[in-house]
Amino acid sequence: TDMIDYYTVWVHQIMTPISSMRLTLQNEDSLLARKLSCDLSHIEQYVEMVLAFLRLDSNSSDYVFKMHELDPLLRQSIRRFSSEFINRKLSLSYTPPSDENGTLQMITDDKWFCFVIEQLLSNALKYTRTGTISIFFSQPKVLCIKDTGIGIAPQDLPRVFEKGYTGYNGHENKSSTGIGLYLCKQAADKLGHRLEIESEKKKGTKVRIYFYT
């Protein structure tokens, strides 16, 4: 708990200058400003990963479960990456979730749900150089995030959720930490959601999130 409190203060101290820099950049539309905005988003994600790692490994409960509409949560997560999609000239395909009653609702924790989605989107962006990232429901309770990226080597697929495992792509991409997918899996398990990944080298990756709640 002391470590969580310490890093919570640390995160706040880091986020304050980041927010200040964002305010400085918000009226700028140059290539440099857009790149800096993307870099700030990456810093925020790494900082959030540190805090998530500590909270997941602690005995304290940081989950608040209630009914949520999934569309606003997904849109909120997508917005964080809007400038990166533009800078990278990547297409985004998003199909809002719905069921027989209209907008799809699910019992989950909104903060941790968005954390999982944003980590998966960050991964997709990291390994997709051209093409499209698609977010859609293949079944009423199965969310898919699909990319046209470099894919994952067959020998690495069984180990992608292991803590610290980076595999072939991690050796190619020096910014890979091997923590993102591990945290996604741990958070999804606690939310009662199951993750599956299928991939093919040079053809892309599809992640499925199964909702059981």
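FYI, side chains are in, hydrogens and waters are out, and symmetry mates aren't considered; it's all heavy atoms of this structure. Throughout, numbering of the chain's residues begins at 1 and tracks the sequence.
Between A187 and W112, the shortest heavy-atom distance links the atoms CB-CE3, 3.8 Å. L90 and L125 make their closest contact through CD1-CD2, 3.7 Å (heavy atoms, listed as atom of the first residue, atom of the second, distance). Residue I152 comes nearest to K201 through the heavy atom pair C-CD, 3.6 Å, listed as atom of the first residue, atom of the second, then distance. Looking at every heavy atom in both residues, G180 comes nearest to Q119 through CA-OE1, 3.8 Å. Heavy-atom minimum distance, K185 versus F161: CB-CD2, 3.6 Å. Between P97 and L70 the shortest heavy-atom distance is CG-CB, 4.1 Å.
I133 and I86 fall into different hydrophobic clusters, where Ile, Leu, Val, Met, Phe, Trp and Tyr residues are linked whenever their side-chain heavy atoms come under 4.5 Å apart, directly or through other members. If you chain together hydrophobic residues whose side chains sit under 4.5 Å apart, Y94 and I209 fall into the same group. With hydrophobic clusters built from ILVMFWY side chains whose heavy atoms lie under 4.5 angstrom apart, M106 does not share a cluster with V64.
With rounding to the nearest 0.5 angstrom, the CZ atom of F81 is 9.5 Å from the OG atom of S83. Remark: S122 OG to Y127 OH distance equals 9.0 Å, nearest 0.5 Å. Separation of atoms OG1 (T130) and CD1 (I150) is listed at 11.5 Å; rounding is to 0.5 Å. The CG atom of L191 sits 4.0 Å away from atom OG1 of T108, with the distance rounded to the nearest 0.5 Å. Interatomic distance, CD of E196 versus CG of L157, reported as 11.5 Å (0.5 Å rounding). Atom CZ in R208 sits 12.5 Å away from atom CD1 in I145 (nearest 0.5 Å).
No side-chain donor-acceptor contact under 3.5 Å links S82 to the backbone of I78. Here the side chain of S199 pairs a donor or acceptor atom with the backbone of G204 at under 3.5 angstrom. A donor-acceptor pair under 3.5 Å is absent between the side-chain atoms of R80 and the main chain of E118, judged by distance alone.
Here T148 pairs with T128 under the side chain to side chain contact (heavy atoms under 4.5 Å, CB included) rule; sequence neighbours left out.
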K66 vs I107, side-chain contact (heavy atoms from CB on, under 4.5 Å): CA-CA, chis, key distance, verdict: CA-CA 5 Å; K66 61 181 182 179; I107 294 175; over 6 Å; no
Given I117 and I135, is the side-chain contact (heavy atoms from CB on, under 4.5 Å) satisfied, shown in steps? CA-CA 10 Å; I117 298 301; I135 304 170; 5.7 Å; no
Quick one, L74 with L143, criterion side-chain contact (heavy atoms from CB on, under 4.5 Å). Give me CA distance, side-chain angles, the key distance, then yes/no. CA-CA 10 Å; L74 290 168; L143 173 63; 3.9 Å; yes
Passes side-chain contact (heavy atoms from CB on, under 4.5 Å), K163 versus Q186? Steps please. CA-CA 10 Å; K163 180 164 61 175; Q186 297 298 309; over 6 Å; no
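Within 6.0 Å of atom CZ in R129, 12 or fewer heavy atoms from other residues, nucleotides or ligands are found, so the atom counts as exposed in its surroundings.
A 4.5 Å side-chain heavy-atom check between L181 and I197 finds at least one atom pair inside the cut-off. Residues T132 and D147 have side chains not in contact (no heavy-atom distance under 4.5 Å, counting atoms from C-beta outward).
Using bins of under 30°, 30° to 60° and over 60° for the plane-to-plane angle, the ring pair H193/F113 lands in the perpendicular bin.
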